[in-house]
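Quick note: numbers below take in every heavy atom, side chains included, and nothing from hydrogens, waters or symmetry partners.
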Amino acid sequence: LLVSDSATLAAVGEFLDDERVMVEPLCAVALAALYTRPELFRQHGSVVVVVCGGSLCSLDDVVAWRRRAERGSAATSDDDEPGHGHGES
C-alpha cells in the first residue's frame, strides 16, 4: 500500500485534531494509510497502529505541513523542516 506525501502530511494534522497527539510525518505514514484507505482495515475489527515522534516538531511545523498537504506539494524546503525557522535553536 502506497500513500502520497500530501496524504501523510495531512495525517499529521488529522491525528493532532483527532487525538491531540503530535507526530512527525515519518510516523504518520501508517496513519495516512488508515485515513485514506479505511476500507482495507475494517475487516480486521481492531487495528493497532504504533505512533511515536512529535518531540522534534512544533505546532508551527504542523501548520506548515498542513499547508503543503493542501497544496498537494511534496517538495521540501528548509523552512518547512522541523527546527528550521520556527523559533527553535
**Q** Establish whether Val3 and Leu34 are linked, either directly or via other cluster members, by ILVMFWY side-chain heavy-atom contacts under 4.5 Å.
**A**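 Not linked; separate clusters.
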**Q** Any side-chain to backbone donor/acceptor pair from Glu14 onto Tyr35? Under 3.5 Å, distance only.
**A**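 Between the backbone of Tyr35 and the side chain of Glu14 there is no qualifying donor-acceptor contact (under 3.5 Å).
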**Q** Does some side-chain heavy atom of Leu16 sit less than 4.5 Å from a side-chain heavy atom of Leu59?
**A**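 Touching, per the 4.5 Å side-chain cut-off.
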**Q** If you count every heavy atom of other residues, nucleotides or ligands that lies below 6.0 Å from Leu40 atom CG, does the total exceed 12?
**A**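 Yes, CG of Leu40 has more than 12 neighbouring heavy atoms, counting only those of other groups under 6.0 Å.
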**Q** Compare every heavy atom of Leu1 with every heavy atom of Ala33, then report the nearest pair and how far apart it is.
**A**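 It is CB-CD2, 3.5 Å.
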**Q** Roughly how far, to the nearest 0.5 Å, is the CG atom of Leu56 from the CE atom of Met22?
**A**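 Here the rounded value is 11.5 Å.
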**Q** Judged by atom type as modelled, is there a donor-acceptor pair below 3.5 Å linking the side chain of Asp18 to the main-chain atoms of Phe15?
**A**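 Judged by distance alone, no pair lies under 3.5 Å.
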**Q** Same cluster or not: are Leu31 and Phe41 linked, directly or through other Ile, Leu, Val, Met, Phe, Trp or Tyr residues, by side-chain heavy atoms under 4.5 angstrom apart?
**A**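 Hydrophobic grouping puts Leu31 with Phe41.
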**Q** State, to 0.1 Å, how close Leu9 and Pro25 come at their nearest heavy-atom pair, and which atoms those are.
**A**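 For Leu9 and Pro25, the tightest heavy-atom pair comes out as CD2-CG, 3.9 Å.
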**Q** Which heavy atom in Ala10 sits nearest to a heavy atom in Ala69, and how many Å separate them?
**A**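 Between these two residues, the closest heavy atoms are N-CB, 3.6 Å.
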**Q** Work out which heavy atom in Ala7 is nearest to a heavy atom in Ala32; give both atom names and the distance.
**A**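 Shortest heavy-atom separation between Ala7 and Ala32 comes out as O-CB, 3.7 Å.
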**Q** Can you hop from Leu26 to Val62 via hydrophobic side chains spaced under 4.5 Å?
**A**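 Each belongs to a different hydrophobic cluster.
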**Q** Is Arg66 salt-bridged to Asp17, cutoff N-O under 4.0 Å?
**A**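 Looking at Asp17 together with Arg66, the answer is yes, because their closest N to O distance falls below 4.0 Å.
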**Q** What heavy-atom pair brings Ala28 and Ala11 nearest, and what distance separates the two atoms?
**A**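 Minimum heavy-atom contact is O-CB, 3.9 Å.
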**Q** Under a 4.0 Å N-O cut-off, is there an ion pair linking Glu70 with Arg68?
**A**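 Between Arg68 and Glu70 there is no salt bridge, as every charged N stays at least 4.0 Å from the carboxylate O atoms.
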**Q** Heavy atoms, side chains only, cut-off 4.5 Å: are Val47 and Val49 in contact?
**A**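 Sidechains of Val49 and Val47: in contact.
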